[in-house]
Amino acid sequence: MADERIHPSSYVKLTKEQRPVEDIQPGELNQPIDVPQLHVRKCNECGQPLPESYQAPADEPWTTGIFGCTEDTESCWTGLFCPCVLFGRNVEQVREDTPWTGPCICHAVFVEGGLAVVAATAALHGIIEPRTTFLLCEGLLFGWWMCGIYTGLMRQSLQKKYHLKNSPCDPCMVHCCMHWCALCQEHREMKGRLSDDAVMPMTVVNPPPVQEMNAAGDSRDSAPSSGNGTDHTNLEMQPL
């Protein structure tokens with residue numbers, strides 16, 4: 001009691017009239033608060049916040065057309081006779097962590113294998129029952145549609161990587177209708193962009209030789225003076 005008289009308490013007791021009318025419910029103070037400053041745009045690829053002045057790059061047109069297969073004879077012949085190899089190379093360039101052998105084998109099994117089944121069915125026309133032929137054709141059409149979706153997704157990844165427009169239409173439809181032309185166009189596009197991004201040869205300039213300053217010659221000239229009892233120390237300066 002004596003301490004309270006000497007040091008009065010800093011707390012004030014509220015009367016019934018001064019008490020708050022509304023009581024705080026449990027958990028009411030733990031509600032999230034909306035802060036507008038925290039609403040920032042983020043990159044869809046890495047999730048990093050983007051500045052307010054950032055503008056997404058516009059979609060660019062393809063450097064070559066869908067029917068420009070003859071502009072690159074190497075990819076044209078490869079796509080005509082070995083489209084599986086060309087497709088594997090395209091996938092390897094788009095997705096660096098994927099070797100070209102896997103997509104090449106998948107393309108060879110489903111696309112080239114399907115074409116071989118079609119050729120065999122046409123050659124054995126009349127021998128195979130019509131129902132069996134109908135089922136084979138229906139399965140081949142479904143397989144071609146699935147292959148068009150798979151190769152179209154790869155083309156879509158290429159367009160997303162280089163910000164390219166849909167040319168001439170949706171990537172899956174392009175591969176379903178013009179598969180070989182699409183493969184050659186994708187290879188030409190990546191080949192042209194990789195050559196543009198190649199490192200140009202740089203001129204190497206060799207630094208000048210290390211220069212040293214030696215005071216040995218000066219000590220020889222001052223030899224008579226050293227006989228008088230004065231010693232000279234040889235100084236040598238080298239750059240660090």
Side-chain angles (χ1 to χ4, degrees), residues 38-115 141-202:
L38 298 179
H39 294 286
V40 295
R41 294 187 300 172
K42 295 184 179 180
C43 179
N44 297 329
E45 298 292 334
C46 59
Q48 296 292 333
L50 300 175
E52 296 180 358
S53 59
Y54 172 78
Q55 295 182 357
D59 294 337
E60 302 177 359
W62 294 71
T63 55
T64 57
I66 188 68
F67 298 111
C69 300
T70 56
E71 297 181 10
D72 186 8
T73 56
E74 180 183 358
S75 63
C76 181
W77 289 111
T78 305
L80 181 61
F81 294 103
C82 299
C84 57
V85 176
L86 187 62
F87 177 72
R89 293 177 180 175
N90 293 347
V91 174
E92 187 179 25
Q93 292 180 2
V94 174
R95 305 171 182 173
E96 299 178 355
D97 57 341
T98 303
W100 70 276
T101 54
C104 177
I105 294 174
C106 293
H107 191 281
V109 170
F110 292 100
V111 178
E112 281 82 347
L115 293 177
L141 288 176
F142 178 76
W144 180 260
W145 179 59
M146 295 300 294
C147 291
I149 293 177
Y150 174 66
T151 53
L153 292 176
M154 197 285 301
R155 183 181 178 91
Q156 189 176 9
S157 300
L158 174 64
Q159 295 180 195
K160 187 177 181 180
K161 182 177 181 180
Y162 294 115
H163 304 283
L164 299 173
K165 297 180 180 179
N166 290 339
S167 176
C169 56
D170 185 76
C172 296
M173 291 298 298
V174 172
H175 274 278
C176 286
C177 302
M178 299 171 286
H179 178 65
W180 285 266
C181 296
L183 289 178
C184 295
Q185 184 190 25
E186 294 163 7
H187 185 79
R188 293 194 307 272
E189 188 71 26
M190 288 184 289
K191 184 177 180 180
R193 291 184 178 272
L194 290 177
S195 61
D196 294 340
D197 297 338
V199 180
M200 300 298 294
M202 300 177 62

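We're numbering straight along the sequence, starting at 1.
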Please give me the minimum heavy-atom distance between [X] and [Y], naming the atom from each residue.
X: T73; Y: T70; answer: CG2-O, 4.1 Å
X: G152; Y: P171; answer: O-CB, 3.4 Å
X: C69; Y: C76; answer: O-CB, 3.3 Å
X: C84; Y: H107; answer: CA-ND1, 3.4 Å
X: C181; Y: F67; answer: SG-CD2, 4.3 Å
X: C184; Y: G79; answer: SG-CA, 4.4 Å

Measuring from atom [atom1] of [X] to atom [atom2] of [Y], what distance do you get when rounded to the nearest 0.5 angstrom?
X: S75; Y: E186; atom1: OG; atom2: CD; answer: 11.0 Å
X: M173; Y: M178; atom1: CE; atom2: CE; answer: 8.5 Å
X: I149; Y: Q156; atom1: CD1; atom2: CD; answer: 11.5 Å
X: E189; Y: Q159; atom1: CD; atom2: CD; answer: 9.5 Å
X: L153; Y: L158; atom1: CG; atom2: CG; answer: 12.5 Å

Side chain proximity check, P103 to M154, heavy atoms < 4.5 angstrom: no

If we only count heavy atoms from C-beta on, is the P168 to V174 side-chain gap below 4.5 Å? yes

For the pair F81 and W77, name the ring-plane relationship: parallel under 30°, tilted 30 to 60°, perpendicular over 60°.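 Parallel, since the angle between the ring planes stays under 30°.
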
According to the interplanar angle, ranging from 0 to 90°, do the rings of W180 and W144 count as parallel (below 30°), tilted (30 to 60°) or perpendicular (above 60°)? parallel

Please check: side-chain N/O of Q185 versus main-chain N/O of T64, any donor-acceptor pairing under 3.5 Å? yes

Using modelled atom types and a 3.5 Å cut-off, is there a donor and acceptor pairing between side-chain atoms of R155 and backbone atoms of Y150? no

Which donor-acceptor pairs under 3.5 Å do side chains of residues 90-100 form with protein atoms, sequence neighbours excluded?
residue: N90; atom: OD1; partner: H187; partner atom: ND1; Å: 3.2
residue: N90; atom: ND2; partner: L86; partner atom: O; Å: 3.4
residue: N90; atom: ND2; partner: L183; partner atom: O; Å: 3.3

Let me see the working for W62 and R188 under side-chain contact (heavy atoms from CB on, under 4.5 Å), right down to the final yes or no. CA-CA 10 Å; W62 294 71; R188 293 194 307 272; over 6 Å; no

Does atom CD (E74) have a neighbourhood of more than 12 heavy atoms from anything else shown, all under 6.0 Å?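 No.
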
Answer yes or no: is there an ion pair linking E60 with K165, defined by an N-O contact shorter than 4.0 Å? no

